[in-house]
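Notes follow once the structure below has been shown.
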Amino acid sequence: MKVLVLNSGSSSLKFQLFEMPQGKVLVKGLAERIGEETGRFKANDYEVIEKIPTHKEALELLTAYLLNPAHHIIKDKSEIKIVGHRVVHGGNTFVQPTIIDAAVKSKIKDLFSLAPLHNPANLTGIETAEEIFPQATQIAVFDTAFHQTIPQINHQYAIPEKFYKAGIRKYGFHGISHQYVSREANKRLGKTNTKVITLHLGNGASATAVLNGKSYDTSMGFGPMNGLIMGTRSGDIDQSIIFYLVQKMGYSLEEVQNILNKKSGMTALAGSNDLRDVETAAGKGDQKAQLALEMYAGAIKKYIGNYTAQMDGLDALVFTAGIGENSETVRALATKNLTYLGLEIDSEKNNAPHVFKGDITGKQSKVKVWVIPTNEELEIAQQAFALIK
Ligand code: AMP
């Protein structure tokens with residue numbers, strides 16, 4: 001059975017077509033820099049650089065690729081039986097993979113305010129897929145589900161209890177990714193009673209403390225703005241800044257929300273949300289870009305310390321997602337001077353982790369450090385396929 005998995009981000013659309021239950025990848029690719037001047041579409045070894053205005057054009061490029069007789073993938077769109085969607089926020093409603101109908105879409109829409117950067121893009125992906133693959137069963141897999149195990153000590157905020165009762169709590173995000181790579185880490189450790197920190201560093205970024213295979217704490221919270229510095233999001237800030245911007249500087253709440261979601265993070269610090277641009281600029285001696293990289297890595301380091309303290313130790317640190325998998329600079333900066341934790345990386349291995357199966361652990365290190373490519377798409381395909389079965 002052919003299962004198409006779509007991961008619609010704010011500026012990207014990742015996709016994989018699987019033959020299930022084998023989990024064989026038939027097509028893998030992404031459209032990135034959607035909405036920017038120059039976009040890139042890649043499916044297997046086919047690549048095109050052109051403006052991709054919205055997710056719709058990205059899916060149309062994918063469909064054209066799948067139906068192209070030269071590629072021998074599908075003859076008719078009806079061969080795709082399931083489209084599995086990553087949906088960022090499931091609130092308290094969605095704790096399992098769910099078949100999408102009008103009510104589910106409406107609930108995903110209700111949750112826009114909790115994930116203003118992502119749920120709208122996810123819903124766009126769903127609606128576009130319904131248009132283009134009308135025969136397929138559309139299934140949503142939620143990124144908040146893995147973090148439901150976070151204990152109350154970590155998921156409740158110290159604000160009046162009525163708000164907690166109204167659902168204001170830490171939900172956490174990137175759960176599918178943290179779940180996948182922490183399971184891979186436990187496989188490598190050969191046990192499940194483990195203390196692992198997983199760092200999902202993509203356009204959005206979060207750190208998770210995974211204690212004995214379960215999410216114990218995570219850096220994103222009620223919404224996906226908290227925690228690490230991200231491409232366009234501020235990460236942790238002092239809440240009083242929001243009141244100051246509104247009450248003293250005359251910004252509307254909507255403007256502040258837009259600033260903290262879309263105009264902050266690396267965009268604010270270094271002029272680009274793409275870490276490759278920031279690294280290039282830093283390499284040319286741009287001081288702001290260099291500072292931005294150090295701040296980015298510094299925020300990660302604070303969470304490594306926090307979570308190691310909470311779990312009373314650390315067996316493994318895992319880097320994943322676009323930046324975690326590809327930026328030796330960020331990995332080196334984030335793990336610099338952690339020898340008091342017994343953690344160090346091997347700089348030669350860090351420069352070419354794929355050669356060493358992702359193991360970049362230093363010789364003296366007591367803590368394993370791995371680069372493990374995330375595979376949210378496979379995780380979604382398996383969960384969606386299991387639901388239909
Ligand atoms: P993701 O959200 O996982 O797709 O990750 C997107 C982020 O990964 C963007 O900020 C990219 O700049 C970054 N990224 C992708 N490739 C590289 C690379 N080779 N070096 C540094 N950052 C990268």
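For this chain, numbers begin at 1 and follow the sequence in order. For ligands, and for the atoms within them, numbers begin at 1 and follow the listed sequence. The analysis underlying the following values was restricted to heavy atoms, covering all of them including side chains, and did not include hydrogens, waters or symmetry mates.
- Atoms of ligand 1 found under 4.0 Å from any heavy atom of Ile323, numbered from 1 in the order shown, are 7 (C), 8 (O), 10 (O), 13 (C).
- For atom 5 (O) of ligand 1, the choice among Gly202, Ser327, Ser272, Gly265 with the nearest heavy atom turns out to be Gly202.
- When the options Lys2, Lys24, Lys81 are evaluated for a salt bridge (Lys or Arg N to Asp or Glu O under 4.0 Å) with Glu19, the one that passes is Lys2.
- At under 3.5 Å, a nitrogen or oxygen of Asp274, whether backbone or side chain, sits near a nitrogen or oxygen of ligand 1.
- Among protein heavy atoms, the minimum distance from atom 6 (C) of ligand 1 is reached at Asn203 N, 3.5 Å.
- Close contacts of ligand 1 with Asn273, meaning ligand atoms under 4.0 Å from a residue heavy atom, involve 10 (O).
- No N or O atom of Leu201 sits closer than 3.5 Å to an N or O atom of ligand 1.
- Polar contact with ligand 1: present for Gly322 (N/O pair, distance under 3.5 Å).
- Using a cutoff of 4.0 Å between basic side-chain nitrogens and carboxylate oxygens, Glu184 and Lys187 are scored as salt-bridged.
- Using a 4.0 Å cutoff on heavy atoms, Lys14 counts as a contact of ligand 1.
- Paired with Asn193 under the rule side chain to side chain contact (heavy atoms under 4.5 Å, CB included), one option of Asn186, Leu211, Asn212 passes, and it is Asn212.
- In this structure, Phe173 has its ring center closer than 6.0 angstrom to the ring center of His89.
- The aromatic rings of His174 and His200 sit parallel to each other, their planes meeting at less than 30°, with 60° as the upper class boundary.
- Counting non-hydrogen atoms of other residues, nucleotides and ligands closer than 6.0 Å to CD of Glu50 gives a total above 12.
- In Tyr244, the OH atom is not crowded: 12 or fewer heavy atoms of neighbouring residues, nucleotides or ligands sit closer than 6.0 Å.
- Here the protein heavy atom with the shortest distance to atom 20 (N) of ligand 1 is Arg276 CG, 3.6 Å.
- Of all protein heavy atoms, the one closest to atom 18 (C) of ligand 1 is Asn326 CB, 3.3 Å.
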